[in-house]
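A quick write-up on the structure given underneath.
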Amino acid sequence: MTVAFTFPGQGSQAVGMGKELAENFSEARSVFEEVDDALGEKLSTIMFEGPEDTLTLTANAQPALMAVSLAVVRVLQAKGLDPKSKVSYVAGHSLGEYSALCAAGTFSLAETARLLRIRGNAMQAAVPVGVGAMAAIIGLEHADVVAVCEAASVAGACQIANDNGGGQIVISGEKAAVEKGAALATEKGAKRAILLPVSAPFHSSLMAPAAEAMRKALAGVSKANPVVPLIANVRAAPVTDADEIARLLVEQVTGQVRWRETVEWFAANNVTTLYELGSGKVLTGLARRIDKTVNGIAVNTPADIDAAVAALMA
């Protein structure tokens, strides 16, 4: 089987995330301690104990989700799994792209934690609360949602943020334009058009100040070519050059997360199994809906890790 590791994005966080890993594996505890040290605070306490509204803050959720993903990676490595020899590609949904790159050796764990704290703060600060919005459009084709966004743009910025597949596309931009887009999508026959409870219009042109912040942050960190290719969010194709990856990470802040096309690329290139490493199983569910020939497997508990090692080391 040809394997890819995938890494979840925002929305997969939950109070208690990573706690069972920390209780069972010293390698996981070391990851959480290193992230705490890099950020100068006990993020792990918020992860394990909450409160939920503090964990959900973008500046906390992003490094927290990465920490759980990398805890799983480090435990797999401690059990003898070498990603370079067993994994063909990595990919991550939005912030999960940073987790993927850390797992593939492009960034150190401490640098990844600091980058995601900068990213979370910059995305939150880019747009005043209430100015932007996001909405999930269920049951319309991609081309129809593109047309909806174009029509809604008379009221302000409106674009596709996430093409998640399985008939779910998220639009983002100025509040009036997104509300208009949701209404137009309903008129076009969408099953549902739901405004999302988010704090900022992620992956839209309104995030330009955050993109600039990430350009500066990424210019100041050391980076290596990944040991396996990254399937980049904004390109849905493999990338192996660290400098090009940094440019695409900047583009990703205001660009579309092309997750449906990413999974379709995997299917077209003989990837049979996607292991989702970290909190939750959102990407595993999406893979199932996008292409049934691709097997999605969530890995976030000690039992999941044992099963993954048994399968991958066979």
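For the single chain, residues carry numbers from 1 onward in sequence order. Hydrogens, waters and symmetry mates are skipped; everything else that's a heavy atom, side chains included, is used.
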Check: residues 275-282 side-chain donor-acceptor pairs under 3.5 Å, at least two apart:
from: E276; atom 1: OE1; to: L283; atom 2: N; distance (Å): 3.3
from: E276; atom 1: OE1; to: T284; atom 2: N; distance (Å): 2.8
from: E276; atom 1: OE1; to: T284; atom 2: OG1; distance (Å): 2.6
from: E276; atom 1: OE2; to: V282; atom 2: N; distance (Å): 3.4
from: E276; atom 1: OE2; to: L283; atom 2: N; distance (Å): 3.2
from: S279; atom 1: OG; to: S12; atom 2: O; distance (Å): 2.6

Mind listing the side-chain donor-acceptor pairs of residues 230-239 below 3.5 Å, one per line with the distance, residues two or more places apart or on another chain?
from: N233; atom 1: OD1; to: S94; atom 2: N; distance (Å): 2.8
from: N233; atom 1: OD1; to: Q252; atom 2: NE2; distance (Å): 3.2
from: N233; atom 1: ND2; to: G92; atom 2: O; distance (Å): 2.6
from: N233; atom 1: ND2; to: E97; atom 2: OE2; distance (Å): 3.3
from: R235; atom 1: NH1; to: E244; atom 2: OE2; distance (Å): 2.4
from: R235; atom 1: NH2; to: E244; atom 2: OE2; distance (Å): 3.0

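Residues A213 and A122 share a closest heavy-atom pair of CB-CB, 3.8 Å. Minimum interatomic distance between A155 and K180 (heavy atoms only, all atoms of both residues): CB-CD, 4.1 Å. Nearest heavy-atom pair across V15 and P51 is CG2-C, 4.3 Å. In terms of heavy-atom proximity, G96 sits nearest to F7 at O-CB, 3.4 Å. Scanning both residues, L81 and P83, for their nearest heavy atoms gives O-CD, 3.3 Å. Counting all heavy atoms, side chain and backbone alike, L70 lies closest to S99 at CD2-O, 3.6 Å.
Counting only heavy atoms from C-beta outward, the side chains of M214 and L115 approach each other to under 4.5 Å. For the pair F266/D291, no side-chain contact is recorded, criterion being any heavy-atom separation below 4.5 Å from C-beta on. Put simply, the side chain of L101 does not reach to within 4.5 Å of the side chain of V90, judged on heavy atoms. Side-chain contact between P201 and V178 is absent, with no heavy atoms from C-beta onward closer than 4.5 Å. Between S88 and V228, the closest side-chain pair of non-hydrogen atoms is not below 4.5 Å. Within the 4.5 Å cutoff, no side-chain heavy atoms of K79 are placed close to those of M313.
A donor atom on one side chain and an acceptor atom on the other are not found under 3.5 Å apart for E20 and T301. Donor-acceptor pairing under 3.5 Å is lacking for the side chains of R258 and N162. Using modelled atom types and a 3.5 Å distance limit, the side chains of T58 and Q10 yield a donor-acceptor pair. Of the N and O atoms on the side chains of T2 and N270, not one donor lies less than 3.5 Å from an acceptor on the other residue.
The hydrophobic cluster containing V309 also contains V87, counting ILVMFWY residues as joined when their side-chain heavy atoms lie under 4.5 angstrom apart, directly or transitively. Linking ILVMFWY side-chain heavy atoms closer than 4.5 Å, directly or via other members, places V257 and V198 in two distinct hydrophobic clusters. Note on V127: it clusters hydrophobically with M134, by side-chain heavy-atom contacts below 4.5 Å among ILVMFWY residues. Placement of I297 and V294 in two distinct hydrophobic clusters is found when ILVMFWY residues are connected by side-chain heavy-atom separations under 4.5 Å, directly or transitively. Tracing side-chain contacts under 4.5 Å through hydrophobic residues (I, L, V, M, F, W, Y), one reaches V221 starting from I245; they form part of the same cluster.
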Item to complete: Take V31 and V75 through the side-chain contact (heavy atoms from CB on, under 4.5 Å) test and state the conclusion after the steps.
Response: CA-CA 10 Å; V31 167; V75 174; over 6 Å; no

Practice prompt. Take N300 and V68, measure what side-chain contact (heavy atoms from CB on, under 4.5 Å) needs, and give me the verdict at the end.
Written response: CA-CA 8 Å; N300 52 40; V68 177; 5.5 Å; no

Practice prompt. Would you sort out whether R117 and R114 count as a side-chain contact (heavy atoms from CB on, under 4.5 Å), showing the intermediate values?
Written response: CA-CA 5 Å; R117 172 56 57 84; R114 287 191 285 266; 5.6 Å; no

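Note that CG of L249 and CG of L95 are 11.0 Å apart. Values are rounded to the nearest 0.5 Å. Between the OG1 atom of T45 and the CG atom of L55 there is a distance of 12.0 Å, given to the nearest 0.5 Å. To the nearest 0.5 angstrom, D36 atom CG is 6.0 Å from L43 atom CG. With rounding to the nearest 0.5 angstrom, the CG atom of N164 is 10.5 Å from the CZ atom of R260. Here the NZ-CG distance, from K223 to D241, works out to 10.5 Å after rounding to the nearest 0.5 Å. To the nearest 0.5 Å, atoms CD (E212) and NZ (K216) are separated by 5.0 Å.
As a member of the Ile/Leu/Val/Met/Phe/Trp/Tyr network built from side-chain separations under 4.5 Å, L57 groups with nothing else and remains a singleton. Hydrophobic clustering, defined by side-chain heavy atoms of Ile, Leu, Val, Met, Phe, Trp and Tyr closer than 4.5 Å, groups I194 together with I138.
Residues satisfying the side chain to side chain contact (heavy atoms under 4.5 Å, CB included) test with K188, not counting sequence neighbours, are L140, D144, A147, V148. Contacts of T272 classified as side chain to side chain contact (heavy atoms under 4.5 Å, CB included), with partners at least two apart in sequence or in another chain: M1. The salt bridge (charged side-chain N to carboxylate O under 4.0 Å, His left out) check on R288 picks up nothing, with sequence neighbours excluded. For Q256, the side-chain hydrogen bond (donor to acceptor under 3.5 Å, both in side chains) test picks out H142, with sequence neighbours left out. Annotation: side chain to side chain contact (heavy atoms under 4.5 Å, CB included) contacts of T112 (sequence neighbours excluded): M66, Y98, C102, F107, L116.
Salt-bridge formation is not detected for the pair R29/E33: no Lys NZ or Arg NE/NH1/NH2 atom is positioned less than 4.0 Å from an Asp or Glu carboxylate oxygen. Under the 4.0 Å criterion applied to side-chain N and carboxylate O atoms, E179 and K175 are assigned as salt-bridge partners.
Residue pairs meeting the ring-ring contact (aromatic ring centres under 6.0 Å, His included) criterion with at least one partner in residues 199-242, sequence neighbours excluded, do not occur; the list is empty. Among pairs with a residue in residues 17-42, those fulfilling ring-ring contact (aromatic ring centres under 6.0 Å, His included) read F32-F48, at least two apart in sequence or across chains. Sorted by first and then second residue, the ring-ring contact (aromatic ring centres under 6.0 Å, His included) pairs involving residues 55-97 (not counting sequence neighbours) are Y89-W265, H93-W259.
Although no hydrogens or angles enter the test, the distance criterion places a donor-acceptor pair under 3.5 Å between the side chain of K86 and the main chain of L312. Using a distance-only test at 3.5 Å, with no hydrogens or angles considered, no donor-acceptor pair links the side chain of T254 to the main chain of S204. Proximity of a side-chain donor or acceptor of N295 to a complementary backbone N or O of T273 within less than 3.5 Å is not detected. In terms of modelled atom types and a separation under 3.5 Å, the side chain of T54 and the main chain of G50 share no donor-acceptor contact.
For the side-chain contact (heavy atoms from CB on, under 4.5 Å) with C158, the qualifying choice from C149, S205, S172 is C149, the only one to do so.
The neighbour count for E141 CD, taken as heavy atoms of other residues, nucleotides or ligands under 6.0 Å away, does not exceed 12.
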